[in-house]
Amino acid sequence: TGAAPALEVTGLTYSYPDGHRALRGIDLRVAPGERVAVLGPNGAGKTTMTLHLNGVLRAEAGRIAVGGLEVADGNLKEIRRRVGLVFQDPDDQLFMPTVREDVAFGPANFGLRGAELADRVHAALDAVGMAGHADRSPLHLSGGQRKRVALATVLACRPEILVLDEPSSNLEPVARRELAEVLVDLGGTMLMVTHDLPYALQLCPRSVLIDDGTVVADGPTAELLADTDLLARHRLEL
Ligand code: ATP
């Protein structure tokens, strides 16, 4: 009974074509409205896991459900609407001449047109504090602004869960703080891969720690980060 989990990952296993076993049975459950940080050393499998959540990679074993809908070949369009993936490098999501066109691309692909599309684009840009920049080229924006526009391209599709890969990477302190405020104000369900432990502590009440393709800890972020032995064992530095 009760609402379906926003995200449920069970026994997720994946090997890259070269045979490298990157995921060895990931289990993770996220409730609606939760913000969860995904921590772990380099090569732990964090990015590989996020690429499964919207079907970019196909699991070798295990299952993923988003709001109760199973990730499966026949469901990928709806899964991609539900799961908003924000890549580490904003340039991977910005390729049009103007900010407006970049943000319109996703919702247009999902069938929005005319005033509805324009409203959706404006709302997404407004949510990231970039409404005044719609007619600019993404190439003329600062790194922090590009990160926020890349986020808007995903928000414009109204995802049910936002999955962010290293949101604070390569940002100066001011841009880092602006992004944190935007993310908190957005509300909603978020999964955030990060090496930035203070950022995780600030934004995510709960964290999961992944190492060598499995979840090795899952609990309140403050408790995980207070466990210096745990951090040392998994090569994490506060
Ligand atoms: P980081 O914190 O450095 O981003 P990560 O936790 O996101 O690391 P992944 O990028 O998911 O880790 O990588 C998990 C493992 O899979 C690593 O050992 C990596 O070398 C390997 N891997 C990643 N991409 C490929 C690929 N295309 N082919 C083969 N192995 C890969």
Side-chain angles (χ1 to χ4, degrees), residues 7-30 35-64 66 71 76 79-80 83-94 143-144 146-147 150-151 154 159 161-171 175-176 179-180 183 189-204 206-219 221 224-225 227-238:
L7 175 69
E8 191 167 31
V9 177
T10 315
L12 181 63
T13 302
Y14 181 76
S15 301
Y16 278 102
D18 67 0
H20 180 80
R21 205 168 177 74
L23 302 181
R24 304 165 182 268
I26 297 273
D27 294 312
L28 171 62
R29 225 179 133 94
V30 179
R35 271 203 303 276
V36 179
V38 179
L39 313 177
N42 291 323
K46 305 181 297 296
T47 299
T48 303
M49 179 189 71
T50 67
L51 295 176
H52 282 81
L53 301 182
N54 74 346
V56 172
L57 290 176
R58 187 186 276 114
E60 183 179 312
R63 60 181 286 279
I64 299 168
V66 182
V71 176
L76 288 188
I79 289 293
R80 282 178 188 153
V83 180
L85 218 56
V86 183
F87 300 130
Q88 175 165 7
D89 184 350
D91 293 342
D92 289 343
Q93 279 167 313
L94 304 175
R146 281 210 298 281
K147 279 247 186 191
L151 171 59
V154 171
I161 177 168
L162 209 52
V163 179
L164 302 121
D165 199 352
E166 302 280 1
S168 67
S169 67
N170 303 311
L171 293 185
R176 189 173 167 281
L179 182 65
L183 291 172
T189 312
M190 280 178 217
L191 199 63
M192 190 182 300
V193 173
T194 187
H195 286 276
D196 184 342
L197 302 185
Y199 218 60
L201 185 61
Q202 182 190 347
L203 290 168
C204 301
R206 176 182 155 211
S207 289
V208 297
L209 171 49
I210 292 181
D211 198 358
D212 197 20
T214 61
V215 174
V216 295
D218 182 344
T221 304
L224 262 65
L225 298 191
D227 187 340
T228 50
D229 290 341
L230 179 76
L231 298 186
R233 224 166 27 248
H234 299 287
R235 309 181 300 289
L236 293 178
E237 272 176 57
L238 196 55

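Order of listing sets the numbers, starting from 1, for every ligand and every atom in it.
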Discussion item. My understanding is that only residues two or more places apart in sequence, or in another chain, count here; which of them pass salt bridge (Lys or Arg N to Asp or Glu O under 4.0 Å) with Arg146?
Written reply: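 Only Asp91 meet the salt bridge (Lys or Arg N to Asp or Glu O under 4.0 Å) criterion with Arg146.
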Run the side-chain donor-acceptor check on residues 206-213: report pairs under 3.5 Å with partners two or more places apart or on a different chain.
residue, atom, partner, partner atom, Å
Arg206, NE, Asp218, OD1, 2.8
Arg206, NH1, Arg29, O, 2.8
Arg206, NH1, Glu34, OE1, 3.0
Arg206, NH1, Glu34, OE2, 3.2
Arg206, NH2, Arg29, O, 2.9
Arg206, NH2, Asp218, OD1, 3.4
Arg206, NH2, Asp218, OD2, 3.0
Ser207, OG, Thr221, OG1, 2.8
Asp211, OD2, His234, ND1, 2.8
Asp212, OD1, Arg24, NE, 3.4

Discussion item. Can you confirm whether the side chains of Glu60 and Ser15 place a donor and an acceptor under 3.5 Å from each other?
Written reply: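 Side chains of Glu60 and Ser15: pair found under 3.5 Å.
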Ignoring hydrogens and angles, write down the donor-acceptor pairs under 3.5 Å from the side chains of residues 44-56, residues two or more places apart or on other chains.
residue, atom, partner, partner atom, Å
Lys46, NZ, Gly40, O, 2.8
Lys46, NZ, Pro41, O, 2.9
Thr47, OG1, Asp165, OD2, 3.0
Thr48, OG1, Tyr16, OH, 2.8
Thr50, OG1, Thr47, O, 2.8
His52, ND1, Thr48, O, 2.8

Worksheet entry | Intermediate values then yes/no, side-chain hydrogen bond (donor to acceptor under 3.5 Å, both in side chains), Asp196 and Ser168 | CA-CA 7 Å; Asp196 184 342; Ser168 67; 2.7 Å; yes
Worksheet item: Counting heavy atoms not belonging to Asn170, are there more than 12 under 6.0 Å from its CG?
Response: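 Open: at most 12 neighbouring heavy atoms sit under 6.0 Å from CG of Asn170.
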Item to complete: Report all protein residues having a heavy-atom distance below 4.0 Å to some atom of ligand 1; order the list by chain, then number.
Response: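 Correct list: Tyr16, Asp18, His20, Ala22, Pro41, Asn42, Gly43, Ala44, Gly45, Lys46, Thr47, Thr48, His195.
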